[in-house]
Trainee: 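Below are the structure tokens for one structure; questions will follow.
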There are 2 protein chains.
Amino acid sequence: MGKKAYHHGNLRAALLAAAREILDTDGAEGLSLRKVARQTGVSPTALYSHFRDKRELLAVLATDGFDSLTRRMQEEAARSPSEPTGSGPQLAGLARGYVLFAIDNRALFRLMFGRDSGDLLEFPQLAEAGSRAYTMMAEAVTQAMREHAIAGKGSIAATAAWSTVHGLAMLILDGRVSAKDQGASDDADLVDHVCGMLNFGI
Amino acid sequence: MGKKAYHHGNLRAALLAAAREILDTDGAEGLSLRKVARQTGVSPTALYSHFRDKRELLAVLATDGFDSLTRRMQEEAARSPSEPTGSGPQLAGLARGYVLFAIDNRALFRLMFGRDSGDLLEFPQLAEAGSRAYTMMAEAVTQAMREHAIAGKGSIAATAAWSTVHGLAMLILDGRVSAKDQGASDDADLVDHVCGMLNFGI
DNA sequence: GGCACATCTTTACACTGTAAAGATATACTG
DNA sequence: CAGTATATCTTTACAGTGTAAAGATGTGCC
């Protein structure tokens, strides 16, 4: 195994788990390295053997978050009943997955889309994980446009879809939009209604 | 004036100005109360005579930001040539104003939409300023729907419009979307193209 | 002129991220 | 198996943060 039976077992994973837990409990503001170390039962500077600094720890968390987001979108798309048409409802499922993930992982989602690009480009794995999520959605959009014979540039449509879903998620997290205020029975329902305003077949 | 000729003149405005300047230069991360105090030439704890704590200072900044956002949207809507139809292009102008404001005031925009609702509700003036911006846009949306005889709930359409514009702004700030990658000549051009995907008359 | 009060300063404390140097157990080499 | 190198973790230290508490200082009112 190489790393298993060192001093701690493997500290890196334990630190990430503790950080994730604190993130969910106290938000990004309440996540301090010392608290992570305390909860893991280790000295305050033990992290620096596994992470360059705090930002790298957060970057790893965010990278995992993007992979979870991709998975969640796929799950939600698979859950929706597949019609004979093909991937019509798939797009709606992806949208639902995106927003529901944000709601279920508030602080993590904020972390993933927090800083400027400069902070992100420093961690190529993060950028790649983000691109994977985007690519999946973009392909579904272009495919849906092809099936429904919608004209227009595919990349613009994908950007529009992403923007709508992302903005809705953010506004919900901020408490500026809520399902009941919009007369929707459910958050998923709200997503369907809002995305229905996009003029390609969702 | 009452507050003019005290010790400093009026410190509150000076502190806000310094904070705004630091926010634009170093971002929200680099904005510390001590730096604000240093730049204003005052002791580190002088702020506490004018603001309860740091969050109140930031809340005032964000409140002003929402008012500036509203103004910018109106300006941009007024700039676009008014057609005989009425308020068709007005909606596009509002959208442009929203995104361009975000681009021109990166850190401030992030501050305005940063924390959870719990943090905001503590400062009612902030929530009101945000509502003012939203209401203006929502009314323009419902009016446009009436003119173009679009069916559907107005509040859902307004939420969709806001989501799209807000998401686009956020993704641009994150460096995940750029005008040239999308083949747009300009950021304003990109906004027009993306909002063109919404199926009510923009 | 004296009092009350708003304003600003001084001092202090707990907390943060992290650099530097020391301890320690594991892995590799002879 | 012995000994050295190396990854891992601890100790110590420092500059910086937000802010509470108490003291100083000028302003406006009676």
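Remember, it's a predicted structure, so these values are computed and weren't measured experimentally. Each chain gets a letter, A, B and so on, in the order its sequence line appears, and its residues count up from 1.
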Trainee: Please determine, for the side chain of A:S43, which listed nucleotide (C:dT10, C:dT16, D:dT10) has the closest atom?
Mentor: D:dT10
Trainee: What integer distance in Å separates A:L57:CG from C:dT18:P?
Mentor: 10 Å
Trainee: Under a 4.0 Å N-O cut-off, is there an ion pair linking A:R71 with A:D67?
Mentor: no
Trainee: Describe the nucleic acid contact of B:T45 in one word from base, sugar-phosphate, nothing, applying a heavy-atom distance below 4.0 Å.
Mentor: base
Trainee: Reckon A:R52 touches a base, only the sugar-phosphate, or nothing at all at heavy-atom distances under 4.0 Å?
Mentor: nothing
Trainee: Rounding to a whole Å, what distance do you find between A:L11:CG and C:dA25:P?
Mentor: 16 Å
Trainee: Do NZ/NE/NH1/NH2 and the carboxylate oxygens of A:R52 and A:E122 come within less than 4.0 Å?
Mentor: yes
Trainee: With nearest nucleotide decided by heavy atoms, which residue, A:R34 or A:S49, maps closer to the 5′ end of DNA chain D?
Mentor: A:S49
Trainee: Is it true that B:D174 and B:R110 make a salt bridge, defined as a side-chain N closer than 4.0 Å to a carboxylate O?
Mentor: yes
Trainee: Just to confirm, is there a sub-4.0 Å distance from OP1 or OP2 of D:dC9 to any side-chain nitrogen or oxygen of A:H50?
Mentor: yes
Trainee: Do B:T63 and B:Q125 have a side chain donor and acceptor closer than 3.5 Å?
Mentor: no
Trainee: Check the distance between C:dG17's P and A:L47's CG and give it to me in whole angstrom.
Mentor: 9 Å
Trainee: Take atom CZ of A:F51 and atom C1' of D:dA7, then tell me their distance rounded to the nearest Å.
Mentor: 15 Å
Trainee: Would you kindly give the OH-to-C1' distance between B:Y48 and C:dT9, to the nearest whole Å?
Mentor: 14 Å
Trainee: Answer yes or no: does a side-chain N or O of A:S32 lie under 4.0 Å from OP1 or OP2 of C:dT16?
Mentor: yes
Trainee: Quick check on C:dT16: is either OP1 or OP2 less than 4.0 Å from any side-chain nitrogen or oxygen of A:R38?
Mentor: yes
Trainee: Between C1' on C:dT26 and CG on A:N10, what's the gap in Å once rounded to a whole number?
Mentor: 15 Å
Trainee: I need the CG-C1' distance between B:D53 and D:dT19, as an integer number of Å.
Mentor: 9 Å
Trainee: Do you know the tightest heavy-atom contact between A:T164 and B:S163?
Mentor: O-CB, 3.5 Å
Trainee: Separation of B:D26 atom CG from D:dT17 atom C1', in whole Å?
Mentor: 15 Å
Trainee: Where the side chain of A:L33 is defined as all heavy atoms beyond and including C-beta, which of C:dT18, D:dT17, C:dC8 is the nearest nucleotide?
Mentor: C:dT18
